[in-house]
Structures are given as C-alpha cells and as structure tokens.
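To start, the structure itself, in structure tokens.
Residue indices begin at 1 and follow the sequence shown. Atoms within a ligand are numbered from 1 in the order they appear, just like the ligands themselves.
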Amino acid sequence: MSIPATASSPSPSSSMEIIFGRNKKEQLEPVSATVTGKIPAWLQGTLLRNGPGMHTVGDSKYNHWFDGLALLHSFSIRDGEVFYRSKYLQSDTYNANIEANKIVVSEFGTMAYPDPCKNIFSKAFSYLSHTIPDFTDNCLINVMKCGDDFYATTETNYIRKINPQTLETLEKVDYRKYVAVNLATSHPHYDEAGNVLNMGTSIVDKGRTKYVIFKIPATAAGTKKKGKSPLKHAEVFCSIPSRSLLSPSYYHSFGVTENYVVFLEQPFKLDILKMATAYVRGVSWASCMSFHREDKTYIHVIDQRTKKLVPTKFYTDPMVVFHHVNAYEEDGCVLFDVIAYEDSSLYQLFYLANLNQNFEENSRMTSVPTLKRFAVPLHVDKNAEVGSNLIKLASTKATALKEKDGHVYCQPEVLYEGLELPRINYAHNGKPYRYVFAAEVQWSPIPTKILKYDVLTKSTLKWGEECCWPAEPVFVPTPDAKDEDNGVILSAIVSTDPRKLPFLLVLDAKTFTELARASVDADMHLDLHGLFIPDADWSAEKQTPAKTQEDENQMPLSPHRPDGTGIGPQ
Ligand SMILES: CC1=C(/C=C/C(C)=C/C=C/C(C)=C/C=O)C(C)(C)CCC1
Ligand SMILES: [Fe+2]
C-alpha cells in the first residue's frame, strides 16, 4: 500500500522519519485534550499503552524499532474529558544510557558496550561467564496486570512495576526469582478472576531447554501485605521440552481455550551458541534468530486439567506467528486463529534503516500477515484411515490429515490477508467468537487503517484517514453488553500532517463510526500494545493521594462505576 505524497502531506520516507526516527518528548504533566464528538458517558477509565519512544541517545542510534527506550503514555477518560500524559520508563537501561549519554545496554537489534570509563572488563567478563548474559529491562512492549499491580513488559526475564496513574517506574522484578525462565512473552492471558497465565523459555537449565507455562495468581492471600509481590505465588503450570537444546523456537504469544493451551513451536529459532558469543562478536540478539524454512511448525496442545500435552503429534507447514488472536473448543476439536507469515520478514522490516530510507521499496514485506484458522482433533480415531481428514466441523474448512505414523498434518483456512496487532472482546477469549479488531497492513508493516473483521460473514468495516497512523485497536465492552461488539474501539492515532495533532480515536465497535476524537497537543509516539483500565478496576487503597491539581482532575471517580461493572484487563 503506497502512501500518496500529496502537497500537504510529507513524502512517505519523511513520514517514516517523523514516526520512527525522532525521539518523542515526554508529557510529564497531564494535558487536557480537545474533544470533538461525544465520548459515551459509561466510558470511564484509563487507556495505558507502551512502545519505543527514544531511538537515539547522544550520538548513538538504535538499529531496530523494537530497541527504542520504553515510553509509557496514558489517556485518562472521565466524564467525556480526556487527559494525556507520557513518561519514559526509568529502567536501569534508561538510567545507564542517559547517564552515559549513549547507548550502553544491548537491545533486540543493537549490541551495545558498557561505558568505556566503566570497568569494561568486569562487564565483558560477566557476559562471557554466563551462557545467557544479563538482559535489558527496557520493558517497551506491553503492560501486564497482576492483581492490583501493573507491570511494563518486554520479552526478557525482567519486568518493571509501574504506577498506572502517574506512570512512575517502581520495582524491577526478575521472573527468574519465581520461575526458571530466561525469556517470557509480553502477551500473557488472564482468566475471569484475573489470574495471569504466561509462557517463557528456560534455556540450558540443568542441561535442558524447555518452554515453561506459568501461572501468577491475581491476589493470593497475604500478598496484600506491603511489598509482597503477586509473583511470589507464581507457579509452573507445565513445561514442554524444546525439540532442540540449543535452538529453541522464538515465540511472541500463545493461545488458550477454556480447557487447553495452544503453543506453536515454530521454525523461527534462537541460536543459543550464537547468543552466548554475540557480545564478543559484536552482533545483535536479532542476528542470532533465524527462520528455518526446511523445518515444520509443531502444534502443542496442553490440557489445563491434567497439565499434560495431548499425545497426538500435530504439525503444519513452516510459518512465523507473532500474534495469536483467539482459540476455542468445538465438538472435540481445538480451533485457533493466528496472524501468520511465510517467513520472518516482519522483524527484518522494522530495522530503522529500512524504515527511514526511501520507504517504498525497502518496506516490501515478502509475506503479508494473514489471519488463518487451524483446527486440531483432540481425539484421533485409531480406525480412521490414513490420509483421511479428521476435522468434521461445518464451521471451518481447516483440515487435519491423519498420517501413517500417527502424526496429524494440519492445514488452515485462510480468513483475511493484511492485518496485524489483533484484539478481540476479551470476555470472549478462549471461547467461540465472531469479531477481530486489528490494524490493516498491506505491503508496508505500518498500520494505515483500523479494521473489524467478522469471521461469520467474512466482511470488514474500516476506519482510516489521510496521514493518520493508527495504533493497535483496543476494544472496551459496554457495561452489560448483550452483543460481542457492543462497545468502543480506542486507538492512539499518530499524524504525519504537521497541521493535524495526534489524537485518541473513539469508534463505535458495532458500526465502526467515529464517536469522538480527543486531540492532544503533545509529542505522541506510535506505540505497540497496552490495556484499558476501567475506573471500576481502581481499588480504593490504590488511589495515591493526588499531588497536583491536575492529578486531582485525574482522580478516578468512585471505585465502582454506577452499574458496578468491573471488566478484567483487555
Ligand atoms: C532483548 C532481547 C529480546 C527482545 C525481543 C523483543 C524486544 C521483541 C519485540 C517484539 C515485538 C515488539 C513484536 C511486536 O509484535 C529477545 C529476542 C527475546 C532475545 C533476548 C534479548
Ligand atoms: Fe505483540
């Protein structure tokens, strides 16, 4: 999708420079937005989002969009008014970089070296002495809700607790203190009670590499006490041995149904030996990841009740999935929907060099992100003949062919091409559902529109505007919603038209018509992920005393919405 460079709007490459090249200034004091249209009275709460905001420090530059220093920003919506604020996560990485006025901590696509005036040998030695070095705590990808606490997250073993109202950075938490993982996703799942289910990878621990599914209880008794972290009661739910000790799969998310977990062991792999020597070789972590098109994608289905793998060996063609959309059970099958690529080109594309040069040809993805539905049979009839399709569902064309060695080869139903950053009405997570809300991406990886895809009718509704670049669309359900799509879509829109301010877009999720927009006279970055915190979610004791008059305005109303609904995290 090429962006027409009209007289008013800057040329595509300078658009990219505006979005991806410049450091964004933080907006520490809440600024009141100019609201046009009408924000629904029931919409009371805070949209809290995370993403890379600083791409250069001093004279040093990050190579990749996923390296940027985490910039948290929030839109507090109250009685039709919107207050915006943003603040850099004050991670150890942020503090070290700012102090040195250069990048001194490595990120995904940038290998960095400690400040020469620091005792470099101890740092280098510490790198060499560990198979896995001490990773960054630049938690730039998402926000996770654990009980009443909120954490900024990336994919390393570190997460940072934050104050969701003031955006202050609080404790640094090391997953390794609670569960043996070196990496963990930024896409945890939540059950109705708010318990967190997440996945991580334990690399060469006691001679084994495995994928670890772990649970963090929302509010275990006693964690209410000061300083007790909900992670204290984290427990390993089950672990899956990696097919390879030294090249485990990279994954960005996973799926859950009411009774199962779906994990794709995909041929986009981390090379552990390369990672262990990356530092001395002066190469980035990203260069230690590679796509093995000669390999397969293994589909693991774990029964949550027995915490055991369903024994059947399911597999599909090599593909790369970052975002699971949803999964559910139907007539003895597990169906799961993912955004799939034919290769790992998406991550290649986000090298800033590709985004800042002449944007057009460099930004060609060699494979378009495609919504695909897979179906796996939970019970394989041993009398079923070899080559027969084990999926007898009327609702999907996905197939699962029984092979002579008992393996089952799955092929998906292709639902829609050209979408990423998928979200759903989370009340339908793990259950049959109908709507996917996502960002439309065609040949460029940069979202140009927001879309609603109706799985039943295969139809779409879209919102787009010249020079507007939408973020991931977050669905917020109407209290006592009857239909799955009763609610609004919230998306932070970045503009590359200097005359147009960035704004929070509020769409009616059913009709996809614009209800309101809240324009903000502040420097806004294109973010990655986040969540909506309904006011009802603020528990009484959480309300830290307001420091300034503005904060007073920020204060949420009574902890419970008039109708008392409190929805789990989005
Ligand atoms: C630092 C670091 C990593 C960082 C990964 C990141 C930052 C991934 C971001 C992915 C995003 C933002 C996807 C969006 O859909 C790895 C590879 C886990 C390896 C260990 C060190
Ligand atoms: Fe993601």
**OP:** Among Tyr158, Phe135, Phe214, Tyr151, find the one that has a ring pair (Phe, Tyr, Trp, His ring centres under 6.0 Å) with Tyr175.
**Re:** Phe214
Subject >> Those residues that, when tested against Asp523, pass salt bridge (charged side-chain N to carboxylate O under 4.0 Å, His left out) (two or more places apart) >> reply: Lys25
**OP:** Taking the six-membered ring for Trp and the full ring for Phe, Tyr or His, determine whether the centres of Phe532 and Phe475 are under 6.0 Å apart.
**Re:** no
Subject >> Ring centre gap for Phe20 and Trp65 strictly below 6.0 Å >> reply: yes
Subject >> Pair Glu258-Tyr328, side-chain donor/acceptor within less than 3.5 Å >> reply: no
Original post:
Can you list, by chain and residue number, every protein residue with a non-hydrogen atom closer than 4.0 Å to ligand 1?
Top reply: Phe66, Phe108, Phe135, Thr136, Ile141, Thr154, Glu155, Thr156, Leu183, Tyr250, His252, Trp285, Met289, His323, Tyr347, Leu528
**OP:** Taking all non-hydrogen atoms of both residues into account, name the closest pair between Leu421 and Pro473 and its distance.
**Re:** O-CD, 3.7 Å
**OP:** With rounding to the nearest 0.5 Å, note down the distance linking CG in Asn95 to CG in Asp137.
**Re:** 8.5 Å
Original post:
What number of protein N, O or S atoms occur at distances under 2.8 Å from the Fe ion (ligand 2)?
Top reply: 4
Subject >> Atom pair CG/CH2 of Leu183 and Trp285 - distance to nearest 0.5 Å >> reply: 10.5 Å
**OP:** Please identify each residue that fulfils side chain to side chain donor-acceptor pair (under 3.5 Å) with Glu484, with sequence neighbours left out.
**Re:** none
